[in-house]
There are 2 protein chains.
Amino acid sequence: MKFEAVTIKDIAKVLGLSTSTVSRALRDSYEISEETKQLVLNYAKEINYRPNPIALSLKEKRSRSIGVIVSEIANSFFSQAINGIESIANSKGYNVIITQSLENYEREVNNMQFLSSRSIDGCLISVSTETKDFSHISDLYNKGLPIVCFDRIIDGIDTYKVIADNFQGAYDATTHLIKNGFKRIAILSNSEYLSITKERLAGYKKALEDNKIKIDESLFQQCYHGGMIYEEVEQAMNNLMQLKHRPDAIFASADKLTTNFMRYCKTKKIHIPKDIAVIGFSNLDLTDLLSPSLSVVRQPAFEMGKVAADLLIKMIESKRPITDFSNIVLPAQIFERESSVHSRTKK
Amino acid sequence: MKFEAVTIKDIAKVLGLSTSTVSRALRDSYEISEETKQLVLNYAKEINYRPNPIALSLKEKRSRSIGVIVSEIANSFFSQAINGIESIANSKGYNVIITQSLENYEREVNNMQFLSSRSIDGCLISVSTETKDFSHISDLYNKGLPIVCFDRIIDGIDTYKVIADNFQGAYDATTHLIKNGFKRIAILSNSEYLSITKERLAGYKKALEDNKIKIDESLFQQCYHGGMIYEEVEQAMNNLMQLKHRPDAIFASADKLTTNFMRYCKTKKIHIPKDIAVIGFSNLDLTDLLSPSLSVVRQPAFEMGKVAADLLIKMIESKRPITDFSNIVLPAQIFERESSVHSRTKK
DNA sequence: ATCGATGTCGGGAACGATTGCGTAAAAAAA
DNA sequence: TTTTTTTACGCAATCGTTCCCGACATCGAT
């Protein structure tokens with residue numbers, strides 16, 4: 001089953017012209033007389049002619065499609081970022097091919113391989129929690145494939161990188177908890193390999209320092225899979241709750257960490273924020289409906305997707321190699337809700 | 001900026017063979033001697049040769065990519081369905097190009113146009129709430145483009161259609177509310193054009209009939225945009241709450257209707273389930289964390305995506321036109337939680 | 001009347017891969 | 001040895017489009 005499209009040859013045959021003439025007429029070449037142009041243009045419109053993008057790709061050695069690798073599209077942050085990517089890409093005539101690593105290194109390598117074999121013009125990537133070797137990315141980058149990193153960026157390659165202000169977001173979130181009267185603030189961290197983990201941990205530490213709170217490493221808990229697996233959050237929380245000096249607040253530095261923390265509290269009948277308060281990084285759009293409503297640091301996901309796609313297409317379409325790259329940092333926004341209210345300050 | 005791939009010509013030149021021989025060697029043709037094959041194969045592996053998919057597409061008149069049109073990828077149901085679609089498509093060597101209508105008819109038409117101009121081999125579609133004219137779909141279908149409908153199916157074309165058992169899901173949900181002691185059960189419906197609206201409304205009505213409850217049309221509320229806009233849910237709920245005989249339970253027949261209903265109750269300080277109970281269609285995976293936890297009918301989204309993609313690829317690869325189509329109906333599952341517990345039955 | 005300039009258009013190669021057909025050399029059959 | 005068959009490979013067309021050349025015709029200038 002297939003459907004045959006109209007080609008330039010069909011037009012040429014019907015109008016008694018050569019394909020070259022038709023092609024030039026459609027492209028509005030100066031070499032073609034006005035009447036021939038009109039003839040071709042009218043007929044082309046009549047039979048709804050569309051140039052075959054595959055033939056064009058072969059000729060121009062570009063596919064007009066870009067690849068995207070994220071950890072999971074069901075994650076609000078990424079689905080919003082993808083919306084931003086597509087809005088820019090489509091407006092510039094590019095297809096977007098989306099793939100997910102599901103936080104799995106092998107799958108990420110496979111996706112990269114798959115995308116390059118599909119001859120994409122460029123790639124946007126936010127690496128998986130497991131990724132510590134970047135050769136699958138840098139190899140292709142060094143061969144000339146334009147790549148832009150976003151969210152979870154890497155050091156391996158020198159290119160544009162688009163991130164939220166993770167340091168400031170974490171700083172603000174932690175400061176918010178401190179100002180609300182919490183003393184022992186723990187942090188649930190993502191995989192240590194990730195840039196966002198380091199940035200957010202640094203923001204957390206700086207906020208504690210600036211408020212003269214001693215840093216206690218027993219309050220740092222890492223979840224290698226970023227909370228994808230409930231059990232690792234459970235384990236991390238068990239570690240914290242067994243401490244003789246328990247934390248009174250949690251800074252959950254990723255989306256899944258935040259929701260699985262809440263799931264943990266619900267299961268263990270731990271009351272938020274009375275027993276323990278929380279603020280987390282999250283782009284969910286129903287944090288207001290959770291019980292209690294969730295205080296969050298929200299990243300400008302849509303905007304990040306737009307900026308990243310824009311830069312990638314700029315790289316793709318640039319005549320000469322770009323060398324003066326920069327990191328684009330967009331502000332994160334903090335939303336204060338019930339989950340981070342101190343019991344004594346509650347009405 | 002571009003990166004040059006290795007072609008069959010490069011191999012031919014280096015090994016002193018013709019491109020035909022190289023091609024045949026790579027395809028393991030019987031016409032090529034064993035030693036030549038090994039020579040070519042080894043060298044191809046050495047320089048990491050990958051056939052150019054674009055050249056193949058041009059030759060074979062197929063792009064090995066399929067298009068998907070959904071209303072919104074940030075919607076849990078669709079992101080899960082897309083996961084299912086991609087798992088099948090990628091395993092069979094197909095790309096997936098995802099587009100969103102955002103419940104807008106014009107955008108859907110544009111997406112369809114865009115996809116067909118990108119010469120996809122087939123298309124999966126779940127129409128927008130606004131779509132009542134199907135010519136943008138049937139036109140392409142009649143020209144021979146394989147299309148499979150899923151979730152929100154249409155009558156306009158005779159093809160495979162994959163849906164959840166909306167009738168049974170709605171029937172079970174309504175019955176559940178009745179069994180829990182609720183007497184006046186209202187329904188929040190999606191756009192009347194949608195198949196799912198009709199099916200779910202029918203299931204709801206049948207459950208009432210089977211339980212000898214009189215059907216009251218003042219309890220039917222429609223939200224044309226499926227709850228995408230908060231205000232329409234607000235309006236619908238205001239209508240219901242102004243009734244002299246208010247409903248004591250709501251069956252929210254779509255994801256966004258459900259969450260915006262909860263948002264409405266939170267805003268208006270209406271207690272769920274004491275003042276009004278609710279069960280809704282939803283594929284969110286944090287319904288257990290909401291306040292109160294949400295009773296839902298859950299669709300097998302991932303499975304639906306897999307089945308739909310499988311059928312589409314079957315259509316694409318079929319030698320002769322398929323005529324004996326069928327509707328595939330997968331069971332929906334009901335999860336009973338706090339939001340639908342009757343106050344008198346509460347502990 | 002001849003020449004160059006200009007305006008219009010067609011021929012054909014190219015992009016990368018596949019494939020039907022032709023053919024030389026080697027092997028087998030006569 | 002001659003004829004036939006088999007083996008192993010190359011040539012060239014093809015997919016849809018673009019674009020470099022070359023080929024005319026017309027026209028003004030000399």
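In this text, all values refer to a predicted model and were calculated from it rather than measured experimentally. Proteins get letters first, then strands, A, B, ... in listed order; numbering begins at 1 in each. Atoms considered below: every heavy atom in the structure, side chains included; atoms not considered: hydrogens, waters and symmetry mates.
B/V96 is linked by a side chain to side chain contact (heavy atoms under 4.5 Å, CB included) to B/I66, B/V68, B/I85, B/E86, B/A89, B/I98, counting only residues two or more places apart in sequence or in another chain. By the ring pair (Phe, Tyr, Trp, His ring centres under 6.0 Å) test, A/Y193 is found to be paired with A/Y224, residues two or more places apart in sequence or in another chain being considered. For A/K37, the salt bridge (Lys or Arg N to Asp or Glu O under 4.0 Å) partners two or more places apart in sequence, or in a different chain, are A/D28. Listed by chain and residue number, B/Y160, B/I328 satisfy the side chain to side chain contact (heavy atoms under 4.5 Å, CB included) test with B/S326 (two or more places apart in sequence, or in another chain).
No donor-acceptor pair under 3.5 Å is formed between the side chain of B/S23 and the backbone N or O of B/T19.
Summarising the geometry, the separation between NZ on A/K9 and P on C/dG12 is reported as 14 Å, rounded to the nearest angstrom. Rounding to whole angstrom units, CD of residue A/E60 and P of D/dC15 are separated by 20 Å. Here the P atom of nucleotide D/dT17 and the CZ atom of A/R64 are 16 Å apart, to the nearest Å. Between the C1' atom of C/dA17 and the CZ atom of B/R62 lies a distance of 15 Å, rounded to the nearest Å. Taking atom CD1 of residue B/I11 and atom P of nucleotide C/dG16, one finds them 12 Å apart after rounding to whole Å. Taking atom CD1 of residue A/I8 and atom P of nucleotide D/dC15, one finds them 14 Å apart after rounding to whole Å. What separates CZ of B/R27 from P of C/dA17 is a distance of 11 Å, to the nearest Å.
OP1 and OP2 of C/dC15 both lie 4.0 Å or more from every side-chain N or O belonging to B/K59.
The side chain of B/T7 lies closest to C/dA17, out of D/dC15, C/dA17, C/dC15. Counting only heavy atoms from C-beta on, A/L56 has its side chain closest to D/dT18 among D/dC15, C/dG16, D/dT18. Here the nucleotide nearest the side chain of A/L58, chosen from C/dT18, C/dC15, D/dC15, is C/dC15.
Contacts of residues 47-55 of chain B with DNA chain C (heavy atom under 4.0 Å): B/Y49, B/R50, B/P51, B/N52, B/A55.
Side-chain contact between A/L115 and A/I97 is present, with heavy atoms from C-beta onward closer than 4.5 Å. Side-chain contact between A/I8 and A/L26 is present, with at least one heavy-atom pair separated by less than 4.5 Å.
Salt bridge annotation for B/R152-B/E103: present, with a cationic side-chain nitrogen under 4.0 angstrom from a carboxylate oxygen.
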Find every protein N or O atom lying less than 3.5 Å from an N or O atom of nucleotides 4-10 of chain D, and list the pairs.
from, atom 1, to, atom 2, distance (Å)
D/dC9, OP1, B/T36, OG1, 2.7
D/dC9, OP2, B/S33, N, 3.0
D/dC9, OP2, B/S33, OG, 3.2
D/dC9, OP2, B/T36, OG1, 3.2
D/dC9, N4, B/E31, OE2, 2.8
D/dG10, OP1, B/S18, N, 3.2
D/dG10, OP2, B/S18, N, 3.0
D/dG10, OP2, B/S18, OG, 2.6
D/dG10, OP2, B/T21, OG1, 2.0
D/dG10, O6, B/R24, NH2, 2.8

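When every heavy atom of B/L145 is checked against every heavy atom of B/M112, the shortest pair comes out as CD2-CE, 4.1 Å.
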